[in-house]
Every structure is written in C-alpha cells, then in structure tokens.
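So the structure is just underneath, and the comments pick up after that.
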Amino acid sequence: MREYNVHEVLSILQKYYITDSQQMVTRWIREGKINGIRSENKKEGYRIYEEDLFDFIEEQRPGLPSIFEVYEEYIKNLNPNNNELNEHPVDKEQKGFIDTEEKDEKSEVIHLKEQLEKLENTIMDLQEEKQVMEIKLNEIMDQNKFLIEDNKTFSELFEILDEENKQLKDEATIIITSSKDTNGKYRKRSINDSGKEKNISPVTFDEFVQLSSEVLNNLEYDEEDIEKHLDIVYKQLFDEEGLVKVELMLQDGEVKCPYTDKIYKQQKRFVKNAITYYFENLFQSGNQKQLEITMAND
C-alpha cells in the first residue's frame, strides 16, 4: 500500500479543495482525524497510508474522490491512439480529421470541467448546510440538557422539602397543661406547634367502669376480678386527675393505646378498645407474666 508524507498529503488535500495549510494537516494527524504513523526518525515526520488519507477525504468531501477518479480515467482515455499517430505519419486530410477530433475532445473536456466545478460547488454548499444543521442540533441538545438538569434539580428540591416537612411534623412539640374549669373539674389542653388547641375532659374511674360495662356485658367474669383488672387498665391509661397520661398524648388531641400502639381521635373509642384488648388478649388468655409486669409498673 502506498504511503505519503505530510507534504504529499497537503498537495492531495489542496487538489480536493480541503485545505492549503500544512499546520492544519499536522493538527488533524495529531487529533487522529487522519490516521498517521510517527516515524522513528523525527526528520521524516509522519507516514500516512493512502487508504487512510482517502477515508478522510471522503468524510470531508463525500463523493468527490469518485468523481475525480472517473474524470481522470476519462482524460486518460480521451485519445488512446496518440502514440500510434506519432509513430505513423499521416497526410493532411487525415491530420485535418484528427485536429477536428481533438477540438471536439477539448470541448468535451471543458464541458466536463464545468460540470465538475458545479458538483464541487454543490458539495461545498451541502457541507456548509450540514455544519449549520449540526450547530442547530447541538444548540437544541444543549437546551434539552439544561431542561433535564433543571427538572432533576426541582425534583430533588421537592423531595428535600417533603422530607423536611415530614421531620417537622414528626418533631412537632406538644404542650399539655391542666387547669380547672368553672365547675372545679380538671380539663387538659393540648397545644401543638401550629398553635391549635384542643380541650380534653378527664375521665373518672366510675365513668371508666361505665364505659367498660358496654364491652364486658357479654363476658362472664367474677366481679371482684373485673374491678381489680379495670383498676389496672385505668391506671395504665389515666393519671391521678383522670386525664390521659402525657406519654400517650399525640398531636391534635390524638391518643395512643399502650397495648396496641394504635392511635385514636375519640377518647371513648380509645378506652373501649384498650379494655377489649386487655380482657381478650391478657386476662382471658391467662397471660400471668404480662399481668405481673402490668401490675408491677403500677
């Protein structure tokens, strides 16, 4: 395969209207756009294979190498009998015929050159149009890239805000105070960080027993055992003032069952469910160990 040095490559690239600058040729070789091999002897410079060079030319001027090849082949074959004419003398009549033929061939050559020039101009116009389209495409891609990055940033910010709101909600401080109303009864007031207040009335042991009767009507227990265990449950739920224990209070007046950790908005449901769970899952099942722990805590 034939090899070229940088000067020969420049000469060929000039022929194909690509560049007149040797520095540009060297730069393309260094950037790898033209595949070149560095000679061991620095004075010799780069060596470029013919196939690699014409691959580069095809990229820069698509179709032009093929046009030049056809054109050069045509020129080469324009007058295949030139050698024979030089070897054999001809008379004036024959010479006149040859001159006419040569004129026709020259006219054809001029025509082909004009066509070639038009093709070259068309190719250059297409190349320029291609570059413009590539620039526009890159601009659109960059804009889309920024939009994608902006959307990603907004999504991340929303996630952070949601997480912070969740933390603020979980960490909301509840202030609970007790005070006597006009009838001398204690009432508990809960205040959360949002400033909302909710009054919670105390529950006496008698009221607690009355609520439990609705749950225990269908169960057969010794009255003494029932009263003893109701006292245990009551002390688990309420303090000495008959108010729900502070550790069971949540936001907005909600309360948490100490047995199931379920959350209730209504105090009546909270009491009934606690009694039901105690008698069905602790007392009735004979879980003495759990009962001992409960009584010890009291």
Side-chain angles (χ1 to χ4, degrees), residues 159-298:
E159 290 178 2
I160 293 172
L161 288 174
D162 289 341
E163 185 65 25
E164 289 180 351
N165 288 335
K166 183 179 178 182
Q167 290 178 359
L168 289 173
K169 185 177 181 180
D170 294 340
E171 296 173 0
T173 303
I174 298 176
I175 302 171
I176 300 175
T177 58
S178 297
S179 59
K180 289 184 178 181
D181 59 15
T182 55
N183 297 322
K185 292 185 178 180
Y186 279 98
R187 304 182 71 84
K188 184 170 291 188
R189 181 177 64 183
S190 65
I191 306 174
N192 59 20
D193 285 344
S194 64
K196 293 182 179 179
E197 298 184 6
K198 184 174 183 180
N199 288 326
I200 302 174
S201 302
V203 177
T204 65
F205 183 73
D206 292 337
E207 292 173 337
F208 180 77
V209 172
Q210 180 64 33
L211 288 172
S212 67
S213 64
E214 299 178 17
V215 179
L216 302 176
N217 277 339
N218 297 326
L219 300 177
E220 295 181 359
Y221 292 108
D222 184 87
E223 291 185 3
E224 185 178 348
D225 287 337
I226 290 176
E227 185 174 352
K228 179 181 67 175
H229 288 286
L230 284 176
D231 183 65
I232 292 173
V233 177
Y234 181 79
K235 290 179 179 179
Q236 286 285 317
L237 305 182
F238 301 96
D239 59 20
E240 294 179 355
E241 297 174 354
L243 299 171
V244 177
K245 288 187 173 182
V246 173
E247 60 267 24
L248 302 179
M249 291 291 299
L250 301 176
Q251 295 183 42
D252 299 327
E254 295 178 337
V255 290
K256 181 177 69 173
C257 177
Y259 305 125
T260 64
D261 289 334
K262 289 184 177 180
I263 298 172
Y264 299 93
K265 291 184 177 180
Q266 297 179 1
Q267 193 167 262
K268 186 175 181 181
R269 290 189 60 195
F270 159 69
V271 172
K272 286 186 176 181
N273 281 280
I275 294 171
T276 302
Y277 184 87
Y278 180 89
F279 280 90
E280 290 184 354
N281 294 278
L282 299 179
F283 179 69
Q284 189 177 24
S285 63
N287 193 338
Q288 294 299 324
K289 184 176 180 180
Q290 180 64 35
L291 291 177
E292 290 172 5
I293 294 172
T294 303
M295 295 177 70
N297 289 335
D298 292 335

- Item | Lys245 side-chain N/O to Lys235 backbone N/O, donor-acceptor pair under 3.5 Å |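 Here the side-chain-to-backbone pair exists.
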- Side chain Tyr278, main chain Tyr259, donor-acceptor under 3.5 Å: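 No.
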Rounded to the nearest 0.5 Å, what separates atom [atom1] in [X] from atom [atom2] in [Y]?
X	Y	atom1	atom2	value
Phe270	Ile275	CZ	CD1	9.5 Å
Glu254	Met249	CD	CE	9.5 Å
Cys257	Arg269	SG	CZ	12.0 Å

- Query: How far apart are the closest heavy atoms of Glu241 and Pro202, and which atoms are they?
  - Reply: O-CB, 3.5 Å
- For Leu248 and Gln236, which heavy atoms make the closest approach, and how far apart are they?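 Result for this residue pair: CD1-O, 3.8 Å.
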With a 4.5 Å limit on heavy-atom distance, are the side chains of [X] and [Y] in contact?
X	Y	value
Leu250	Ile263	yes
Lys262	Asn273	no
Val271	Phe238	yes
Asp231	Phe208	no

- Task: Decide if atom CD of Glu240 counts as having more than 12 heavy atoms of other residues, nucleotides or ligands within a radius under 6.0 Å.
- Result: no
